[in-house]
Engineer: 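One structure coming up, written as C-alpha cells, with questions to follow.
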2 protein chains.
Amino acid sequence: MPSASKREQIVTTALQLFYQNGITATGIDLIISEAAVSKKTLYNHFHSKDELVLAVLRKRDEYFRNNLMRETEKQADTPKAKLIALFDVMDAWFHEKTFCGCMFINASGELFDSKSPSRSVCAEHKHLICDYVSELAKEAGAKEPKKLAKQLNILIEGAIVFAHVAGDKEAAQDAKEMGKVFINMALE
Amino acid sequence: MPSASKREQIVTTALQLFYQNGITATGIDLIISEAAVSKKTLYNHFHSKDELVLAVLRKRDEYFRNNLMRETEKQADTPKAKLIALFDVMDAWFHEKTFCGCMFINASGELFDSKSPSRSVCAEHKHLICDYVSELAKEAGAKEPKKLAKQLNILIEGAIVFAHVAGDKEAAQDAKEMGKVFINMALE
DNA sequence: ATTATTATAGACAAATCGGTATACCTTTAG
DNA sequence: CTAAAGGTATACCGATTTGTCTATAATAAT
C-alpha cells in the first residue's frame, strides 16, 4: 500500500503551489521537486495531473470550511453573532500575507469544462458553505434561513473579489455592514 | 506601418480564446491559426504574449464597460431606475451561452504577480465600473454616492461568482432585491 | 531471512510552449 | 517601374509539458 504520508506531502505541496501560482502554470516537475518525491511516486498515487488537482481541491474544501467554522464559532457565542463573525473571519483571511483570493473561484477561472469533476468540487464548495450559513441562520431564528444564507454568501463572494481583484482588503467590513441589514431584517 | 485590421483580428481572436479557455492554456500557435495570421505578424504587433494579454484585457475593459453603460441606459430613464437596471443587465449576461464569468476575475486568478500591468488593468476595470455606478448614484441624489456604488458593486461581484462558480444564474435577481434595499436607504 | 512492495533517481518519449529566423510573395508609395 | 514594407509559410530553437520506463535502493510483512 502506498504511504499515506507521501500522498499528504504531494497534496500539501501541490495545494500551496496551485494556490500561489495557478494550476496550469504549475508543472509536475516543480511539484515533485518541492515535495521531495520522485515522479513515479506521484503517478503511483495519482493517475494524472487532473486527479491530483481533484484531490487538492477536495483537500482545500475540507481545510477551508473546517477553518471557517472553527474560527467563526471561536469568535462568537450566539447564532446571530456568529453570522456577523463570518465577515470578521473573512477580514482576517484577506489580510493574510499569502492571500491569493478564493482557490475555487481561481480554479473555475482556469478550468473551463464546467462539467469536469474539479469544477463540480468548486461548485459544491460554494453550496456547502451556503449550507453552513443556512444552519446558523436557522439557529438564529431567521424567517427564511436559506434566503438569508444566500444573501450573506453573495456579500462574502463580492468581498472576496473586491479584496483580490481590486485590492481593496477592507471590503469585508463593508460587506459586514451590509450583512447586518439583512440579518436584522430576517430576525425582526 | 503594420495594418490595424490585422491587429484587430489578432486581439479579437485572442480575446475569445482567452475568455473561453483561459490565458495560460491558450497557446500562440492556436491564436495565429484561428486568426488566420502568421506568427511573424503577431510578433510584429506584440513583442510578447504578455503584451498581447495586456492589449486583450484593455480591449475587453473597453467593450464591457461601454456595453454595460449602453444597455443600462437603454433599459431605464431615471438615475434610480438605472441603478436597478444594472442587475438586469447582469442577469442577461449570465444567461448568455458564452458566459464564462468575469474575464478580469478569471485573469486575476491566473496571473499571480499582482503588480504586473495586466493585473493592474483588472483592478482598474473594477474601479472604473465603481466610478460609473458612483456617477449614477450621484445623479440619483444618493447621500453617499461612493458608498452606495461600492455596496452595489459588492453585490454585482457576488452575483457573478455565484453565477459562474456555483452555477446559480438567478443570482442577479437576488442581488437586485438586495440592491434595492441600499438604494432606498441612500435615497430616502 | 526471504520476498514483495514502495520508494528513489533519472533517462526518455512525444508534444507543446514562447519566440526567432529564413525565404518568398504581395501590396503600396514614390 | 522600382523599392520598401508587411505579409505568409515554415523550419527551427531551447525549454518545458505530461507521462512512461528502467534500474536500483530502502522498507515492511511473513
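Throughout, protein chains are lettered first and strands after them, A, B, ... in sequence-line order, and every chain is numbered starting at 1.
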Engineer: Answer with yes or no whether the side chains of A:Asn44 and A:Lys39 bring together a donor and an acceptor at under 3.5 Å.
Structural biologist: no
Engineer: Can you tell me the distance, in whole Å, between the NZ atom of A:Lys6 and the P atom of D:dA26?
Structural biologist: 13 Å
Engineer: Can you tell me how far P of D:dT8 sits from CD1 of B:Ile32, to the nearest Å?
Structural biologist: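 Spelled out: CD1 on B:Ile32 to P on D:dT8 is 10 Å.
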Engineer: Could you tell me how far apart B:Arg7 (CZ) and D:dG7 (P) are, to the nearest whole angstrom?
Structural biologist: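 Distance check: B:Arg7 CZ to D:dG7 P gives 12 Å.
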Engineer: Rounding to a whole Å, what distance do you find between A:His45:NE2 and D:dT18:P?
Structural biologist: 19 Å
Engineer: Could you give the CD-to-P distance, from A:Glu51 to D:dT18, as a whole number of Å?
Structural biologist: 15 Å
Engineer: I want to know whether B:Trp93 and B:Phe87 have ring centres closer than 6.0 Å.
Structural biologist: no
Engineer: What side chain to side chain donor-acceptor pair (under 3.5 Å) pairs are there with at least one residue in residues 120-130 of chain A, not counting sequence neighbours?
Structural biologist: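 As it turns out, the side chain to side chain donor-acceptor pair (under 3.5 Å) pairs with a partner in residues 120-130 of chain A, which skip direct neighbours, are A:Asp61-A:His125, A:Lys126-A:Glu157.
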Engineer: Can you tell me if the side-chain N/O atoms of A:Ser38 get under 4.0 Å from OP1 or OP2 in C:dG10?
Structural biologist: no
Engineer: When you measure from the side chain of B:Tyr19 to the backbone N and O of B:Cys100, does any donor-acceptor pair fall under 3.5 Å?
Structural biologist: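 Yes.
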Engineer: Between the protein and nucleotides 14-20 of chain C, list the N/O to N/O atom pairs that are separated by less than 3.5 angstrom.
Structural biologist:
residue	atom	partner	partner atom	Å
C:dG18	OP1	B:Lys49	NZ	2.7
C:dG18	OP2	B:Ile28	N	2.7
C:dG19	OP2	B:Tyr43	OH	3.1
C:dG19	OP2	B:Lys49	N	2.8
C:dG19	N7	B:Lys39	NZ	3.1
C:dG19	O6	B:Lys39	NZ	2.4

Engineer: Is there a donor in the side chain of B:Gln173 and an acceptor in the side chain of B:Asp91, or the other way round, less than 3.5 Å apart?
Structural biologist: yes
Engineer: State which residues pass side-chain contact (heavy atoms from CB on, under 4.5 Å) with A:Ala107; sequence neighbours excluded, sorted by chain then number.
Structural biologist: A:Ile23, A:Leu57, A:Leu111, A:Cys122
